[in-house]
2 protein chains.
Amino acid sequence: MPDAPVRVLLADDEPLVRSGLRLILDAEPDLEVVGEAGDGARAVELARSLRPDVVCMDVRMPGVDGLRATELVLRLPEPPRVLVVTTFEHDGYVLDALTAGASGFLLKRAGADEMVQAVRTVAVGQSLLYPQALRDLVRTRPRAASGAPALTPREREVLALVAQGMTNAEIATALVVGVETVRTHVASVLGKLRARDRTQAVVLGYRAGLVEL
Amino acid sequence: MPDAPVRVLLADDEPLVRSGLRLILDAEPDLEVVGEAGDGARAVELARSLRPDVVCMDVRMPGVDGLRATELVLRLPEPPRVLVVTTFEHDGYVLDALTAGASGFLLKRAGADEMVQAVRTVAVGQSLLYPQALRDLVRTRPRAASGAPALTPREREVLALVAQGMTNAEIATALVVGVETVRTHVASVLGKLRARDRTQAVVLGYRAGLVEL
DNA sequence: GGAGATATCCCCCGACCGGGGGAGGGGCGG
DNA sequence: CCGCCCCTCCCCCGGTCGGGGGATATCTCC
C-alpha cells in the first residue's frame, strides 16, 4: 500500500477511550491519528484545520454532542467521513446519526480488528453498520408483505401515479390512455385494497409495500 | 496478521467477473478465494462443502438467483457472511437482499480497494452498504424535517385523520365539530403543504414528517 | 377453441371535494 | 387595549371522484 495513510481525528470526551483508539489505530501502518478532541465544538474546529479523512465521533459529549458535531463537520468544504462510535446498541441514535450524514456506526465493544476495518471501510467511501443496526433499519421498513393484494402491472403503475397526487386526467395523459381507462384501473385498485377512495388507496398501498412514498 | 486468511467463495454467472474478482482478492495475503460458482445452486453447494467465511454473490444468475441463494446459504449450519455484488444501483434488490440476511451490498463499479475492504469488513462481522443504499434506507423514514411547514395542533390532528382515509364528515364526527370546521382546517393544511388535494396532502405531510402512516 | 385475465373505452349519476367568499369568539403578546 | 392567531361555523359553486351498468380486443393457459 504505497498510498498516503488515512488521517483520523478522534472525538470522545473520555481521554482513556481516545488513548485506546489511538493505540489501536496507530498500530496500523496505513492509519494515522492526527488529532484528538474532547467535545463536539473542538471536533468541528479540528476537522476544519486538520482536514482528516475520517472522524471517529462519540455520541455523548459535553456541549455540542456527536450528532450535532456530525452535521457541522459534514458542512465543511470537502468534509471527512464520519464514523460514529457509541457504547449502547439501543439508543435511537443510529437513525439520527445516519440522517445527519454519518458514514458508519460502530459499537465501542467492537474488537480492534473491527475498529480498524471500519475506519478503512469508511475511508474508501463505503457505509458501515453493526449488524443489529442494519437489521433494525430493515425491519422497520415498509415490508413487501406477503399478504399484499395482487395488483396487475398496470394497476401498480396507476397506483404509483395516484400516490404522486395526480388526478385521473393527469394520469391518463401520463399513460397516454383515456380517462375512462384510468378510472377503471383506479376502481379495481380500490376494490383490491378495500379502499374507499384514492387517499386510503395510497396509505394502504404504502403499508402493503406496493408503492413508495 | 498471523490469522488464517479469509476464505472467499465467488458466485457470478460471468466467468470474466469471477476472474477479475479472484485477481483482486487473491492479491491480498489475508484473503483467499477458495471456489467459484456460476449459478445459485452451485453456490449453495460449494458454500456447504467448502465452508467459506464470505460469499461474494451476484444478484442476477441463471436458475437460482442471488437472493434465493443468499437465503439458502444462510440456512446452512454456521453460515458464511454474504456480500451481495450487483451492477445497478436501483434495483429494489438491496432491501430484499438485506431482508434475506446479506451482510453487505456492493456495486461492481466499486474499485479494487473497496472490494477488498468490503470482504474484510463483512469477514469481521460488520455490515456494509454503498452510501446511496444507506441513504435510500434512511430516506424513506419519517424525517425530522427542518423545512416542514408549521401546522397548528388542530391542523396536524386533522391531517392525521385525513391520512387514515377519513372523509371530512367522518373527521367532523371524530373531532366533534362541524363539517365546515373540518373543511377550513383541511383547506389550510392544503395551503400550507402546497397540496392540491387530500391525497397530496397525505404524501407531502408524510414526507415532511408531519404524519405517521 | 374456449375460459380467464388484462387493458382499453363508453354512459349516467349522486356524493364528496376544494376554492371563493364571510363571520364570530377566545387567547396571547406587543 | 388592540391586533393577531387559532378555532369555530356558514353559503355558493364547479370540478373531481367513485359506483353502477356495459362493450371490445388481446393474450395466455388449458
Side-chain angles (χ1 to χ4, degrees), chain A residues 144-211 213, chain B residues 63 92 145-213:
Chain A
S146 39
L151 299 188
T152 70
R154 202 52 159 173
E155 285 164 356
R156 271 193 300 277
E157 206 172 344
V158 170
L159 178 56
L161 297 179
V162 169
Q164 302 293 319
M166 295 174 77
T167 67
N168 289 337
E170 288 169 334
I171 296 172
T173 305
L175 298 182
V176 200
V177 293
V179 194
E180 305 85 2
T181 305
V182 175
R183 302 175 111 272
T184 307
H185 290 312
V186 170
S188 103
V189 169
L190 293 179
K192 289 181 179 177
L193 294 181
R194 294 183 208 287
R196 280 183 319 190
D197 54 60
R198 46 182 61 235
T199 304
Q200 274 195 357
V202 170
V203 174
L204 296 174
Y206 171 74
R207 287 184 187 156
L210 295 169
V211 278
L213 294 187
Chain B
S146 38
L151 299 187
T152 70
R154 203 53 162 175
E155 285 164 356
R156 272 192 300 276
E157 207 171 344
V158 170
L159 178 55
L161 298 178
V162 169
Q164 302 293 319
M166 295 172 78
T167 67
N168 289 338
E170 288 169 333
I171 295 172
T173 305
L175 297 182
V176 200
V177 294
V179 196
E180 305 83 3
T181 305
V182 177
R183 304 175 112 274
T184 307
H185 290 312
V186 171
S188 86
V189 169
L190 293 179
K192 288 181 179 177
L193 293 181
R194 293 185 212 287
R196 279 183 318 190
D197 53 61
R198 56 222 284 113
T199 304
Q200 275 195 357
V202 170
V203 174
L204 296 175
Y206 171 75
R207 288 184 185 155
L210 296 169
V211 277
E212 297 294 315
L213 295 187

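By convention in this document, chain letters (A, B, ...) are assigned in the order of the sequence lines, proteins followed by strands, and residues within each chain are numbered from 1. Side chains are part of it too, since the values below use all heavy atoms of this structure and drop only hydrogens, waters and symmetry mates.
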So, OP1 or OP2 of [N]: does either fall under 4.0 Å of a side-chain N or O from [X]?
X	N	value
A:Thr152	C:dA7	yes
B:Arg183	C:dC17	no
A:Thr181	C:dA7	no
A:His185	C:dT6	no

Does B:Glu180 pair with B:Arg183 as a salt bridge, N-O distance under 4.0 Å?
->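 Salt bridge: no.
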Expressed as a whole number of angstroms, how long is the span from [X]:[atom1] to [N]:[atom2]?
X	N	atom1	atom2	answer
A:Ile171	C:dT8	CD1	P	13 Å
A:Asp197	C:dG18	CG	C1'	15 Å
A:Glu157	C:dT6	CD	C1'	13 Å

Apply the test side chain to side chain contact (heavy atoms under 4.5 Å, CB included) to residues B:Leu193 and B:Leu159: give CA-CA distance (whole Å), side-chain angles for both, the deciding distance (0.1 Å), then the verdict.
-> CA-CA 11 Å; B:Leu193 293 181; B:Leu159 178 55; 4.2 Å; yes
Do A:Asn168 and A:Arg198 come within less than 4.5 Å of each other through their side chains, counting heavy atoms only?
->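 In contact.
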Decide yes or no for B:His185 and B:Val162: does some side-chain heavy atom of the first lie under 4.5 Å from some side-chain heavy atom of the second?
->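 B:His185 does not reach B:Val162 side chain to side chain.
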Hey, which of these two, B:Glu180 or A:Leu190, hits DNA chain D nearer its 5' end, going by closest nucleotide?
->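 This one resolves to B:Glu180.
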Name the nucleic acid region contacted by B:Val186, choosing base, sugar-phosphate or nothing; use a 4.0 angstrom heavy-atom cut-off, strictly under.
->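 If one applies the 4.0 Å heavy-atom cut-off, B:Val186 turns out to touch the sugar-phosphate alone, with no base involved.
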Identify, between B:Thr167 and A:Arg154, the residue whose nearest nucleotide on DNA chain C lies closer to the 5' end.
->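 Its nucleotide being nearer the 5' end, the pick is A:Arg154.
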Give a yes or no answer on whether the side chain of A:Gln200 reaches the backbone of A:Arg196 with a donor-acceptor pair at less than 3.5 Å.
->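 Checking the backbone N and O of A:Arg196 against the side chain of A:Gln200, a donor-acceptor pair under 3.5 Å is found.
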About how many Å separate CE of A:Met166 and CG of A:Leu175, when rounded to the nearest 0.5 Å?
->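 Between atom CG of A:Leu175 and atom CE of A:Met166 there are 7.5 Å.
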Opening and closing nucleotides of DNA chain D in contact with chain A, under 4.0 Å to non-hydrogen atoms =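 The contacted stretch runs from D:dC17 to D:dG19.
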